[in-house]
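Whatever order the structure lists ligands and atoms in, that order sets their numbers, starting from 1. Being a predicted model, the structure only gives us computed values, none of them experimental.
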Amino acid sequence: MGGMTAAAQREAPPGAELKVAVLGGDGVGPEVTAAAMQVLEAAVRNESVTLSLTARPVGWKAVLEGGSPLPEATLQACLAADAVFLGAVGHPDAIGQPRDRLPETGLLGLRKALACWANLRPVRVPPSLVGVSASTPERVRGTDVMILRELGGGLYYGEPRGEKDGKAWNTMVYSEDEVQRIARLGLSLARGRHGRLTSVDKANVLEVSRLWRRVVDETAAEKGHGVEVDHMLVDRAAMELMLNPTQFDVLLTENLFGDILSDQAGALVGSLGALGSASLGDGTDLYEPVHGSAPDIAGKGVANPLGAMASVALMLRHTFRMEASAQRVESAYEAVLADGIRTVDVKEPGQEPVGTTAFTDAVLERIESTTESAAITEGVR
Ligand code: IPM
Ligand code: MG
């Protein structure tokens, strides 16, 4: 993975060209992607790097244009890029289509082709959003969980799969190697955070989970120095996430459990629209907001671009190693939220909601003013 190889640990060198493949996709995807790319441009404007963006279709949009949800030209652009940004895929018209025409098949194929096996979904509840949480302010205050979702295996890709004679089946399968590599990453993330790793499974029922739990323990015994590891069943984890989210530091889990728990974590922040993600592995890094294509609000200019902006911050952090720029983006949108400038999904009673563009403009203004003051400070030194 770009993000996990030794070479990519370095900061983007001065003068570097940062190549990003930009896949807006379906529904609100293009709207939040446009907002996110403006934020990316603003965040690197005063850095000595150049940004090169290549837009390509994916998902239902691509099916309508040519038949495949992941066209070859899109895949090639992604493989040639340093990082890929994807807005969202999914469309109501696609329901009932054969699997090779489903927008989701495009995304799953892309994750596979880019060898992304680790999905980082950070869930922080900024103080300004505790009031809109689906949990209570007291319970949610201070929440800072890194959901680490295994992304390359499990039910999403397991064979055999199919449907015949009134029956359908999927297979949840994990090898020891797959569990070990994600467990290692989880341990190393925990070490850089608060030193706690909770591995979530269903070991009371599933053989796969029993293997998962054993390998996590073995990996921890070998590589877990200084990390406190525990295990939790997924049903209980779903409840604990609502009742006591601050107990979690890194929450490690398999593909489907991670998909479900991360939507639930969206409710902790008040809206799924607020969460971003980084998909890392052995190829090109992929960044996507956690939310879907939200066809009901697509094209209305009301979508929350926060998850997309959070994904841009992750891209700056994990692929380009531009930590200061990543933080500038995060502080900018947190300040805008704190000012009470909110899209409708995270507004509080009495606040007048703003649309995607107004929210984005407010974030851009913040980034520009902090970039200016950084430049002035630099000049003074
Ligand atoms: C997500 C989404 C995807 C997934 C869908 C669109 C295939 O729900 O990124 O969480 O299930 O991984
Ligand atoms: Mg999901």
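- No hydrogens or angles considered: nothing links the side chains of Y174 and S209 as a donor-acceptor pair under 3.5 Å.
- With hydrogens and angles left out, the side-chain atoms of T319 and D82 include no donor and acceptor closer than 3.5 Å.
- Near the Mg ion (ligand 2), less than 2.8 Å away, sit the protein N, O or S atoms D259 OD1.
- Within the structure, side-chain hydrogen bond (donor to acceptor under 3.5 Å, both in side chains) contacts touching residues 66-79 (residues at least two apart or in different chains) are E72-Q76.
- In the model, N255 has a side-chain atom that pairs as donor or acceptor with a side-chain atom of R149 under 3.5 Å.
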Report all N/O contacts between ligand 1 and the protein shorter than 3.5 Å as a table of atom names and distances to 0.1 Å; if there are none, say 'none'.
unit_1   : atom_1 : unit_2 : atom_2 : d
ligand 1 : 8 (O)  : D259   : OD1    : 3.2
ligand 1 : 9 (O)  : R111   : NH2    : 2.8
ligand 1 : 9 (O)  : R121   : NH2    : 2.8
ligand 1 : 10 (O) : R121   : NH1    : 3.2
ligand 1 : 10 (O) : R121   : NH2    : 3.1
ligand 1 : 10 (O) : R149   : NH1    : 3.4
ligand 1 : 10 (O) : D259   : OD1    : 2.8
ligand 1 : 11 (O) : Y156   : OH     : 2.6
ligand 1 : 11 (O) : D259   : OD1    : 3.4
ligand 1 : 12 (O) : R111   : NH1    : 2.7
ligand 1 : 12 (O) : R111   : NH2    : 3.3
ligand 1 : 12 (O) : R149   : NH1    : 3.2
ligand 1 : 12 (O) : R149   : NH2    : 2.8

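- Scanning both residues, P289 and G87, for their nearest heavy atoms gives CG-O, 3.3 Å.
- In this structure, K202 is not positioned above the aromatic face of F257 in the sense of NZ or CZ being under 6.0 Å from the six-membered ring centre and within 45° of the axis.
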Do any side-chain atoms of residues 159-169 form donor-acceptor pairs under 3.5 angstrom with protein atoms, and if so which ones, sequence neighbours left out?
unit_1 : atom_1 : unit_2 : atom_2 : d
R161   : NH1    : Y156   : O      : 2.9

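- For the residue pair T343 and D345, a side-chain donor N or O sits within less than 3.5 Å of a side-chain acceptor on the partner.
- Closest approach of W212 to V200, counting heavy atoms only: NE1-O, 4.2 Å.
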